[in-house]
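So the structure is just underneath, and the comments pick up after that.
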Amino acid sequence: MITTVIGNYPKIPDMPAPGKWRSAVEKFQKGQLTEAELHQVEDEVTLEAIQDQVDAGVDLITDGHIRWDDGQTYFARRLRGLSINGLQRYFDTNIYFREPVAEGEIAWVEPISVRDFEFARQHSPRPVKPVVTGPFTLAKLGRNTHYPSGREFVLALARALNAELRALQAAGAEIIQVDEPALCQHKQEYPVFAEAMAALVDGVRAKKVLCTYFGDVGGVYPQLLQLPFDVIGLDFVAGYRNWDVIARAPFTKTLMAGFLDARNTRLETVDEIKGAVRRITSIVPPDRLMIAPSAGLEFLPHGVAKKKLERLVEGTRAASQTLKGVRA
Amino acid sequence: MSLPLLPTTAVGSYPKPASLIEARRKFARKHLSKDELTELERRATREWIQIQEDAGMDLLVDGEQYRGDMVAYFADEMEGFAIAGLVRSYGNRYYPKPVVVGPVGRRHPVTVEWFKYAQSLTSRPVKGMLTGPYTIAEWSFNEHYPTRRELVLELARAIHQEVMDLQHAGAKYIQIDEPAIHTRPEEDFALAVEAMDIVTDGVSAYTVSHICYGDVPKIYPAMLKLAVNQLDLALKNEEFALLETFKKAPFTKDIGLGVVDAHSHRVESVEEIADGIRRTLQVIPAKQIFISPDCGLKTRMTEETVGKLRNMVEATKLVRNELTGTREHGNAATRVR
């Protein structure tokens, strides 16, 4: 049983300091900082995000997605055939993203996230997990003015992102996560989703994680277990119904269980985490478990996000101890 | 004070002048007194009232020069909240996200003084402007209430008191914004409706709720159950695609029709705006329509804002004339025949 995170992490420190990233972006926008200087600051903030995760004791980390404008733009901007449109609300919350629009044939032309993955891996004593926003979510949060159908739009994105997964694998990624929160809102389109997932991971031998959040997978479980992934991530906070859902059929893969609420500042107690872990181990054995927050921690204040990481590790360790005790 | 056909209005916020932004910074660092800040806020409010009158608008707003953020402002003024820290909204824009740490409620009226001040500056009606209970709850962290339901309903009772106080102070139009209403429609829509029932219970003023962005078709026609007279919606940013949704079930309330994009720098032309209004008239009768920008304009430049408001009013006058003109034409034709 290991601990991991879903992906993004706060880019700025707690008040009152504006933080170097925010100041740098402001200066960059005013033309007082070059793009290279801004990237330098992003590297520094990435190192701090890595350090926070390492200090907390998280086993499998990410680079904190410090350079991501949002989960869509980061990939869409560097794929051919997509333009970037105006602001939209991210799953109807008060978090915004820019909408990608398909205006031509979508194609992968260059590695998008490889440099960032390599940077993080070089500077992390722990294994680093690159994350790619999945084609289904990109399509659902995007707009299609080119393809004759939504299905063709999703499949074109899947083929393009397949090249990104292969590039990450070639760069040495042993585990790659694909984020598909939109699945929870669009389960009726599961056949297209499954088709896209097959195209996405075609020829990718690295360990693959399919991560869902902001809802449950009732209605597409246990079909989900047939998909070509090794790990399935489920949200047990917004998707608390997942407890009932996964009781319906044996969970045959590794489960990445999102137990800590990534959208609320209330800090889970060690006992709560222990309780959740104990409950999940009656369904999935510990050697097929990863314990995580419910989603990326970016939209919490920095101090709270850091405490959640510490509590995640503390709670999981306490649960492991108890489990060992039970077995002994 | 009766409003003309197709009354022009606004959603709430306008940009703050640079001097006020600087003053707010100084105040936060305690380099400026509350009185000095308030004086600058009043000056900016006067300017916006004047700009709206000059543009020829019918139903005014105070421009929210004294608010940082539509939720944090209420959290700051009410019991039970603290500010958790800065949370990213987009790019390098961050906002102070409140956290509920104890029982929520009003210490004192929150917006009444500002309403009275703004109304004292003009003979045209000014809207009372509130954030709705569901949105305050959804856009805050909650460390106190065991369920969202308890928090939302407690907030609804507090906002109801504020509505009653505004009405008592003379507000004939009161807007209660609920832009978060479609965040969890399956789970929570009934709760948001129940909360609005509490907020507007026994209110005689004309009530409006502004709902913006997000997936409106998902909550239509259910949104017509909200206990307000008017729903104010963003039509322009999706180029009036929502009209297709409104064809599926009659729009039974008044609509605040967003005809200019609040997030684009481009000032839409009079003809473009008029065209949007005309398209809407094919779906919703004129007497149910108020004309407004898509959303608060606080993120726009002042010149863009003034340009958008002016063109909005001009376009409305154009369509108004066409409507009354058409009627005259019709009569003339009848006479000839």
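Quantities reported herein were computed from a predicted structural model and do not represent experimental measurements. Worth knowing before you read on, the calculation uses all heavy atoms, side chains too, and leaves out hydrogens, waters and symmetry mates. Residue numbering restarts at 1 for every chain, and letters A, B, ... go by the order of the sequence lines.
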Which atoms of Leu87(A) are under 4.5 Å from chain B, going by heavy atoms: the side chain, the backbone, both sets, or neither? side chain

Taking atom types as modelled, find out whether His263(B) and Asp294(B) have a side-chain donor-acceptor pair closer than 3.5 angstrom. no

Would Glu143(B) and Thr265(A) count as a side-chain hydrogen bond (donor to acceptor under 3.5 Å, both in side chains) if you check the C-alpha gap in whole Å, the side-chain angles of each, and the deciding distance to 0.1 Å? CA-CA 7 Å; Glu143(B) 298 184 6; Thr265(A) 48; 2.4 Å; yes

Could you check whether any side-chain N or O of Lys308(B) sits under 3.5 Å from a backbone N or O of Asp261(B), counting only pairs where one atom can act as donor and the other as acceptor? yes

Relative to chain A, which segment of Tyr94(B) carries a heavy atom at a distance below 4.5 Å: side chain, backbone, both, or neither? both

Passing option when Ile176(B) is tested against Val199(B), Thr135(B), Thr131(B) for side chain to side chain contact (heavy atoms under 4.5 Å, CB included): Val199(B)

Pairs of heavy atoms under 4.5 Å with chain B: top-ranked of Arg89(A), Arg266(A), Gln29(A), Arg98(A): Arg89(A)

Contact leader toward chain A among Ala180(B), Cys212(B), Ala28(B), where contacts are heavy-atom pairs under 4.5 Å: Cys212(B)

Could you tell me which of Ile181(B), Asn142(B), Val99(B) has the largest number of non-hydrogen atom pairs under 4.5 Å with chain A? Asn142(B)

Test ring-ring contact (aromatic ring centres under 6.0 Å, His included) applied to Phe136(A) and Tyr190(A), Phe153(A), Phe193(A), the passing residue: Phe193(A)

Check whether the side chains of Asp232(B) and His210(B) place a donor and an acceptor atom closer than 3.5 Å, and report yes or no. yes

Per-residue contact mode, Pro185(B) against chain A (heavy atom under 4.5 angstrom): neither

Under 4.5 Å from any heavy atom of chain A - which part of Glu138(B): neither

Bottom line for Leu267(A): the part with an atom under 4.5 Å from chain B's heavy atoms is neither

If one checks every heavy atom of Asp14(A) against chain B at 4.5 Å, the contacting part turns out to be neither

Smallest heavy-atom separation, Met70(B) atom then Asp177(B) atom, equals CE-CB, 3.7 Å

